[in-house]
Amino acid sequence: MDLTNYFEIAAMILFGIGLTLLLLNRNMIKKIIGFSMTDSAIFLYLAAKGYISGRKAPIVTDGITAAEAYVNPIPSGLVLTGIVVSVAGSAVLLALTVRLYRMYHTLDLDEITDKARKGGR
Amino acid sequence: MARRLDPKGQSLYARFLRYLSEGDDRLDREVMHAVDAPPAQPAAETVKAPELPARVPEAVVRRHTRAARIFYLVAAALMAAGISLLLILTTTDLPSFGDDGNPVNNEVVRRYLEDGMRETGSVNLVTGMILDYRAFDTLGESNVLFTAACAVMILLRAGNREERIEIEADERMENRNQDPILQTVTRLLVPLILMFGCYVILNGHLSPGGGFSGGAVLGAAMILYLNAFGSGSAGRFMTLAVHRAVTVTALSFYALSKAYSFFTGANHLPSVITPGTPGNLFSAGLIPYLNICVGLVVCFTMYAFFALFRKGDI
């Protein structure tokens, strides 16, 4: 039992908050906010995994190319990829929500389901 | 089941099926019509429909839905709490934070750090990694952005005339009370922000930054300009044709310039493009040019997202 992984614990708490929002809130916009929070939690987790204490960012300074001088560059690259994909995903989700709102004039997912089932608006 | 609950085929799923079977632009027209049509008419038709007695009685449906909703709420709360607890418990068993001997710090990392600058010519090892060793990954990522911009455009572009007229009326109202403070500050700041964005993109292989962050900065400058001066001024240089030409050219250049890997057996070593002297502006092989491509795609996509959400068109 190791309770010193603060960053990882914080990331998992954030993930839990995001997941709860995603599952329990009926408002579409708040669901999307929850979705973005789970994304951010995963980025925090990955970035924390790549850190090695006492080392520098992986940009070669003074020609030192020893592996012992820099932190792990792979999680940084993965997070870079992830942030962009998360932005794109959020944009598509929000656009779909705008469409749904124009059609049903509500953001409540239950009301939308009801109205869609009845075939009206 | 679906047919009985949805006799007129108005649900999204039914429309999607029709769209698939007919294969033309009917979906869009239908959505437009549904938005435009007066709300009372379809409801009256549903009441008059002859297959009404075959439907499940309203009260039964409502009771079942309420039970299902309560079950869903309880199950969702339990699941969210359970997954969160499980994840937090798992983190206590992970290797400790910041330790050199963690299993993630393996021989791949050693290779990237020790040979990365010599092999890619990039001083910024992260840039060298994502635009040389893993360039296809980044190409896919730029394509994700492009696809997302296309999807948002399909969903939000104002299709019919009434919508467009309404948006233009909004726009005129907005332009009348423009803020002189915002405009002056924008006039001062936008060139600086654009310059900073170009600096971040062009030095992506030398210092922190690169195509993604620099592109986001450039996009922010353009969004600021759009907000201050309205889409009349911004639309003079940012049209749909410009957006399409720039993003497609950038993505094609990226794809073609990385295609040489296929001809050299996916092995970058015998390439005619040399890494150059690490630390120079013109070095690191193709990385600066790929950074410019990625930056342009990111910048235009950010602007497109904002413009589409703001006024339904670029």
Side-chain angles (χ1 to χ4, degrees), chain A residues 1-9 11-13 15-17 19-20 22-24 48-55 57-61 65-70 72-77 80-81 83-85 87-89 91-92 94-96 98-99 102-103 110 114 116-121, chain B residues 5-8 10-12 31 34-35 39 42-43 46 65 69 73 76-77 79-80 83-84 87-88 91-94 96-100 104-105 108-110 112-114 117-118 123-126 129-130 134 137-138 141 144-145 147-148 151-152 155-156 207-208 212 278 298 305 308-309:
Chain A
M1 200 80 165
D2 178 12
L3 283 175
T4 54
N5 290 330
Y6 302 120
F7 286 94
E8 284 90 337
I9 292 174
M12 288 311 137
I13 290 171
F15 187 90
I17 295 171
L19 188 71
T20 315
L22 195 58
L23 286 179
L24 287 179
K49 281 284 109 183
Y51 182 72
I52 303 168
S53 37
R55 297 195 186 175
I59 294 165
V60 176
T61 32
T65 55
E68 282 72 31
Y70 305 108
N72 189 341
I74 297 175
S76 316
L80 201 64
T81 313
I83 289 173
V84 172
V85 173
V87 167
V92 174
L94 284 170
L96 282 168
V98 169
R99 262 289 186 216
R102 269 191 210 154
M103 189 127 175
D110 286 352
D114 272 356
R117 196 178 287 145
K118 281 177 190 147
R121 273 171 296 142
Chain B
L5 288 173
D6 182 27
K8 277 174 62 68
Q10 285 282 319
S11 77
L12 283 180
V31 174
V35 172
T46 323
T65 341
R69 263 174 208 166
L73 273 183
M79 209 171 108
I83 290 178
S84 314
L87 285 172
I88 292 168
T91 51
T92 61
D93 276 341
L94 284 174
S96 56
F97 173 75
D99 190 359
D100 183 21
V104 277
N105 303 322
V108 183
V109 178
R110 182 163 285 274
Y112 282 163
L113 289 177
E114 284 179 349
M117 191 174 83
R118 188 171 49 78
V123 175
N124 183 344
L125 294 171
V126 176
M129 189 182 83
I130 64 167
R134 303 187 174 198
D137 184 23
T138 311
E141 196 185 338
V144 167
L145 266 183
T147 316
V152 174
L155 287 167
L156 289 186
S207 60
F212 288 107
V298 173
F305 282 158
L308 284 167
F309 276 107

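In the text below, chain A, chain B and the rest are named by the order of the sequence lines, each starting its count at 1. What you see is a predicted model, and the numbers here were worked out from it, not measured in a lab.
- Most heavy-atom pairs under 4.5 Å with chain A: of the set B:T147, B:V126, B:T138, B:I130, this distinction falls to B:V126.
- With a 4.5 Å cut-off on non-hydrogen atoms, B:S207 touches chain A through its backbone but not through its side chain.
- Within the 4.5 angstrom heavy-atom criterion, only side-chain atoms of A:F15, from C-beta onward, approach chain B.
- Of the two parts of A:L94, the backbone and the side chain both hold a non-hydrogen atom closer than 4.5 Å to a non-hydrogen atom of chain B.
- Within 6.0 Å of the OH atom in A:Y51, the count of heavy atoms belonging to other residues, nucleotides or ligands exceeds 12.
- Looking only at heavy-atom pairs under 4.5 Å with chain B, the residue among A:V92, A:L19, A:I74 that has the most is A:I74.
- For B:I83, the part sitting under 4.5 Å from any heavy atom of chain A is the side chain, from C-beta outward, and nothing else.
- Panel note: side chain A:N5, backbone B:F97; a donor-acceptor pair is recorded below 3.5 Å.
- Annotation: side chain of B:S84 is not in contact with side chain of A:I13 (no heavy-atom distance under 4.5 Å).
- When each of A:V98, A:L22, A:D110, A:T20 is scored by its heavy-atom pairs under 4.5 Å with chain B, the top score falls to A:D110.
- Highest contact tally toward chain A, considering only B:L94, B:L145, B:V144, is held by B:L94 [criterion: heavy-atom pairs under 4.5 Å].
- Looking at A:Y70, the atoms closer than 4.5 Å to chain B (heavy atoms on both sides) sit in the backbone and in the side chain alike.
- Here B:L156 contributes atom CG and A:R102 contributes atom CZ; the two are 6.0 Å apart, rounded to the nearest 0.5 Å.
- Looking at B:A151, only its side chain comes within 4.5 Å of chain A, counting heavy atoms on both sides.
- Between chain B and the options A:I83, A:T81, A:V87, the largest number of non-hydrogen pairs under 4.5 Å is found for A:T81.
- Contact count versus chain B (heavy atoms, under 4.5 Å) is highest, among A:A57, A:P75, A:G50, A:G77, for A:G77.
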